Amino acid sequence: MEKLVVIGAGMASGRMLEHLTEAGAPYQITLFNAEPRGNYNRIMLSPVLSGEKTYEEIVTHDDAWYAKRGITTRFGEHVVGIDRARKVVVGQRGEVAYDRLVIATGSAPFMIPVAGRDLPGVVAYRDLDDTNTMIAAARPGAEAVVIGGGLLGLEAAAGLQMRGMKVTVIHLMGHLMERQLDASAGHLLQKTLEARGITVHCKGATKAILGEKRAEAVLLEDGTVYGADLVVMAVGIRPETRLANDAGIEVERGITVDDRMLTSDPAIFALGECVEHRGQLFGLVAPLYDQAKVLAATLMGADAAFQPVQTATKLKVTGCDLFSAGDFAEGPGREDIVFRDPGRGLYKRLVLEGDRLVGAVMYGDTADGNWFFGLIKDRTDISEMRETLIFGPAFQGGATVDPMAAVAALPPDAEICGCNGVCKGRIMEAVAGGADTLDKIRATTKASNSCGTCTGLVQQVMALTLGEAPAEAPAGMCGCTDLSHEDVRRLIKSRGLKSMPAVMQECGWTTPDGCAKCRPALNYYLLSDWPLDYRDDRQARFVNERNHANIQKDGSYSVVPRMWGGVTTPAELRAIADAAEKYDVPMVKVTGGQRIDLLGVRKEDLPAIWADLNAAGMVSGHAYSKGLRTVKTCVGKEFCRFGTQDSTGLGVRLEKLMWGSWTPHKVKLGVSGCPRNCAEATCKDIGVVCVDSGFQISVAGAAGMEVRETELLATVATEDEAVELIAAFTQAYRENARYLDRAYKWVAKVGLDWVKAQVVDDLENRRALSDRFDLSQSVYRKDPWAEHAKPGARDEFAPLADMQLEAAE
Amino acid sequence: MTNWIDIAALVDIPVQGARLIRARTGCVALFRTHDDRVFALDDRCPHKGGPLSEGIVAGHTVACPLHAWVFDLNTGRAQGADAGTVATYPARIENGRVLVGSAIINRRPAPVPAG
C-alpha cells in the first residue's frame, strides 16, 4: 500500500481525508499537525470566543474518527523538513517516508512590523490557542484593541465585547470590511457595532504598541492612544510556505499548484490557504473544499480539475446581518440596483453586468443572500425579473414561490404610495368598498395617482384583497374614453380629426367636453399634428401654459425671459433689474438653465412686465411649458482653451430654431464645447458634446425624478447636420410620443434603434421630419408674451370686477 | 330674496374658463361652462388654497390647478376621495349680462369643513 503523508490537519485536509477514506482509497496515511489536536471547525472560533459555543462543539474529527480510518496521527509535532531526495518528512520526533505528500500548512497571521508587537498581551487570531489566550485575557472592564476591521477582526472584536471587554477596532481603510462591503454597508455595520459599545476608528494607522512588560496601549500615527490590556492583530493572513520553501518547491505568494493540486514536485501536492492557484490565493472555506475534492480524486487516479468559484461572505456576529458575494466594484458596463431603508438600517445593492448579476452586498436583511449567490454562480439571465430582483425570490414568478407573499406580508400600515401617503390598509378598505379597478382606487384613495411608480404594488394589494387579478383597468387615456393615448393619436391622423369636438364626437367620448386629463393631451396632439389648421385652445391648458408664467403656491407667478444659450447683455440685465424694481419682485433668482427668474409677480402685472421686457428685446423663456425650455451652453472655443467648437454659438442657434415649439413634455438641451462637458449636456433630453472631429449628439437623458445619462444618437461632422438631426429627433418625439412622456420615456418605449432608423439612417425621413418641424415652427415660433401684452389683450389678466369698495347693504 | 348685481357681459368670460371678482374678504371665481352656464364660487381650494379660477373647467366641474382636486360647480363639493366644500353664490345670465347675488359683497369666509 502506498504511503501518504499529510502535513496540517485543517479544514481543507480534513475534507480531503473524508473523501479519500470514504472511497476506501488504498493509502497508509500519516497526519501531522503542529497544534496538539485534530481537525476542528475554525470558522466557529468566533462563537467559542464569544462564549456561545465550546471547543468540544466545534470538533470535526475526534481521535476515534482517525483511529477508525487507520490514520496515524502525529499531533502537537512540528515538521522540521521535507527531504525530497529520500522522500521522507522529518518530524520533531522522527522521520516518516512517503510515496505521496500533501502540504496543507494553511496560513499564518500577518503581524504588522511595529514596535511592541512581541510584547505579551499581543495575539493573533488564528487558532484555538489564540482564542484561549484571548478568553483568558478577557476580564470584564478590561480594554482590548483589535487591529484590523476585516472579517476576522470584527468577529474577534464582537466576541471580546460579549465577554465584557471595552473594545476598540483600528482599521486602516476608510470603511470596515472594504474587501467584502461597499462604503454604505460598511457605514451601517459601523453604526451597529458602535451601538453595541464597540469603538471604531477607521483610517487609523498603527504606529506602535506601547508597554513595558506587556501591552498597555496602542499608539496611532495621528497621535491617538487607546488603552489596551489585550491587542489582537487581525490585519490579514499569508500562506504558510516555509516548509515548501525550504524544500525547494516552487513558491510564489503561496505554494504554486496546477489544476490537479500538484506542486512542482510530482510526488508532492498542496491544498488550502497555503496554495496559490493561477495567481490566486484562498481564504474562505468554499473553494478549499473544492480543492479537497479535486485532490482526493487526483490521489485516487481520477481526472479532476480545480476551478475557483465565486464566494460569498456572511459575518458571524450576532446582530450584524451582512452578506456579500461576487464582485461589487463599479466599472464600465456595470449597473447598480440599490434599496435603502434608513429607518430600519437596511441596505441592499446588486451589481449587474448586462443581464447577469455579478455581485451583491446586503446589510440588515440577508435572508435572500443565498438566492442572489445562486444567481451569481449560475450566471442566470435576470432580465425578466430585473424590476423586482432586489426584493428577492418571494417577488419573482414561478411555481415554487408565491409572488404575492411579499405584499401579503406587509402590515396594514405599510405605506404603498409615498406621494399621497396611502397605506396598504387604506387600499384594502377601498377595495372592500367596491373599488375594483385601478382608476377607482386612484379616485377614492389617490394611491398611484401622482408619480405612478407604485402602480404595480397597488395592483398587487388589490389582487390580494379581491382574491383575483383586479378587473382589467381600462386602457383609456382618462375616464372619458376607453381609447388609449396611442389609439387616439392614430385616429386623429387617420381620420383627419382637426378639432377637439371632432375628436370627442368621432371617438365616442362619454363626457360633453372632456376632463382636465384628456383636454391638455388632445390640445397637444391636435396642434402637433395639424399646425396650420388647429388653433391652440388656451382653456385646455394647465394654468402655467395658459398664463405663460409659473404659478407659485401663493397664487403669484414667476417670469423668466429667454437668454439665448445663457448669454445676456448689460442692457438686458438693466431691463431685468428695472422690471424687478418696478413690479416689487420679491425674489430674483438665477435658474439652473442659465437665466434669471423673477419670482412673485402678481397676475394682473404680468402683461405689463412682459411689455417692459419685450421693449428691451426679450421674449418668453417658456420656463412653464411642455416645450423647449433652455439650451444650456459652455463658453466653447471662443474663450475656453479646451473648447473644440463654438458650443455657445451652436446653443444659441438651436434655441433660436426651436423656441416656442410645443412638445409632449418639457425639452431641455445642453451643448458642451468639449468632453469635459461643463454644460452637463449628457443629462438633458438632447445633449451635444463637441469634439475635434464634430458633434456627438445624444438623447434621452434626464435629471429629475429619475436621473439618466443620454445615449448616443449619432456623431456628425458639421453644425448644419447637427441642427437638422436635432430638429428631426424633436419632431419624431413630437409626432410619436404620448403626452407627458419625457423623451427618455418615449425612447425607452420605442427603442433607440427605432429612433436611429428614423432620424439617423434614413436621410430622406430625417429631412422630412426636419421640414415638418420647420412648418410647425412657422406658426409657433412667436412670443406669447407680446401677444398677451397687447393693450386689448391685457384685460383677461385683471379681475372682471372689483367689489371691495361696494357699500355693504 | 336675492339682490342681483350686474357684473359683466357673458362674452368677457372665456367658455370653459373663469374670471375673478375681487371682494372685500377674498376673491370669487366666476365660471362659464361649455353649455354657457355661469357659476360663482370662492376662489380658494379648501385643500391648499389654490386659485380655482385658474383650473381647467370641464362639464360642470373645475380641477384645482395645484393638486387637481375636482369640484362640482353646482354644489361646491369635492369629488372622489377628497373631502371639502367651496362656498357657492347665486349667479345667472340675463340678456347677455352676468348677474351675481349681492351676498358676495358681504360674504364671510366660506364655511370650510376640514379637509
Side-chain angles (χ1 to χ4, degrees), chain A residues 419-420 422 426 430 433 435 439-447 449-450 478-480 500-501 504 510-520 523 537-544 546-547 551-557 603-604 795-809, chain B residues 3 5-10 12-35 40 43-45 48-70 79-82 98 100 102-107:
Chain A
C419 294
N420 295 297
V422 185
R426 176 81 192 84
D439 267 6
K440 288 184 194 165
I441 286 290
R442 284 178 176 154
T444 50
T445 69
K446 296 254 156 182
N449 205 29
S450 296
C478 65
C480 305
M500 212 161 320
M504 291 178 181
T510 58
T511 50
D513 61 341
C515 69
K517 277 186 188 157
C518 60
R519 284 240 308 276
N523 185 54
D537 177 2
R538 277 188 78 206
Q539 301 310 134
R541 291 211 174 259
F542 289 117
V543 53
N544 293 347
R546 188 177 338 114
N547 291 338
I551 193 165
Q552 306 297 310
K553 67 176 196 178
D554 63 351
S556 69
Y557 289 81
K603 186 185 176 190
E604 55 264 41
D795 288 352
E796 53 195 298
F797 286 85
L800 190 58
D802 193 335
M803 298 272 137
Q804 293 179 99
L805 300 177
E806 291 288 322
E809 288 181 30
Chain B
N3 288 315
I5 302 172
D6 184 322
I7 298 290
L10 179 63
D12 291 336
I13 310 174
V15 180
Q16 298 171 305
R19 293 289 298 276
L20 270 191
I21 302 170
R22 192 169 275 163
R24 206 168 316 170
T25 48
C27 290
V28 172
L30 197 51
F31 296 93
R32 177 180 176 188
T33 56
H34 69 101
D35 51 359
D43 187 39
R44 197 182 149 76
C45 177
K48 293 276 167 87
L52 296 178
S53 58
E54 300 292 2
I56 290 179
V57 179
H60 288 179
T61 67
V62 63
C64 175
L66 294 196
H67 304 95
W69 282 32
V70 177
Q79 298 190 326
D82 303 317
V98 181
V100 177
S102 60
I104 64 161
I105 295 171
N106 255 345
R107 76 199 177 91

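Quick caveat: nothing in here was measured; it's all calculated off a predicted structure. Residue numbers begin at 1 in each chain, while the letters A, B, ... track the order of the sequences.
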Go through A:Asp554, A:Asp513, A:Thr444 and name the one with the most non-hydrogen pairs under 4.5 angstrom from chain B. A:Asp513
What are the two closest non-hydrogen atoms of A:Gln539 and B:Gln16, and how far apart are they? NE2-O, 2.9 Å
Considering all heavy atoms of both residues, which atom of B:Ala23 and which atom of A:Met803 are nearest to each other, and what is their separation? CA-CB, 4.2 Å
Please examine the side chains of A:Val543 and B:Pro51, heavy atoms only from C-beta on, and report whether any two atoms are closer than 4.5 Å. no
Do the side chains of A:Pro512 and B:His34 get nearer than 4.5 Å, heavy atoms only? yes
side-chain contact (heavy atoms from CB on, under 4.5 Å) involving B:Asp12 - partner list, sequence neighbours excluded: A:Leu800, B:Ala8, B:Ala9, B:Arg19
Over 12 non-hydrogen atoms of neighbours within 6.0 angstrom of CZ in B:Arg44: no
Region of [X] that comes under 4.5 Å of a non-hydrogen atom in chain B:
| X | value |
| --- | --- |
| A:Arg538 | neither |
| A:Ala430 | neither |
| A:Asn544 | neither |

What part of B:Val70 gets closer than 4.5 Å to chain A, counting heavy atoms only: side chain, backbone, both or neither? neither
Could you pull out every donor-acceptor pair under 3.5 Å between side chains of residues 54-62 of chain B and any protein atom, sequence neighbours left out?
| residue | atom | partner | partner atom | Å |
| --- | --- | --- | --- | --- |
| B:Glu54 | OE1 | A:Arg546 | NH1 | 3.2 |
| B:Glu54 | OE1 | A:Asn547 | ND2 | 3.0 |
| B:Glu54 | OE2 | A:Asn547 | ND2 | 3.3 |
| B:Glu54 | OE2 | A:Tyr557 | OH | 3.1 |
| B:Glu54 | OE2 | A:Lys603 | NZ | 2.7 |
| B:His60 | NE2 | B:Asp35 | OD1 | 3.3 |
| B:His60 | NE2 | B:Asp35 | OD2 | 2.8 |
| B:Thr61 | OG1 | B:Ala58 | O | 2.6 |

What's the spacing between A:Glu796 CD and B:Leu20 CG if we round to 0.5 Å? 12.5 Å
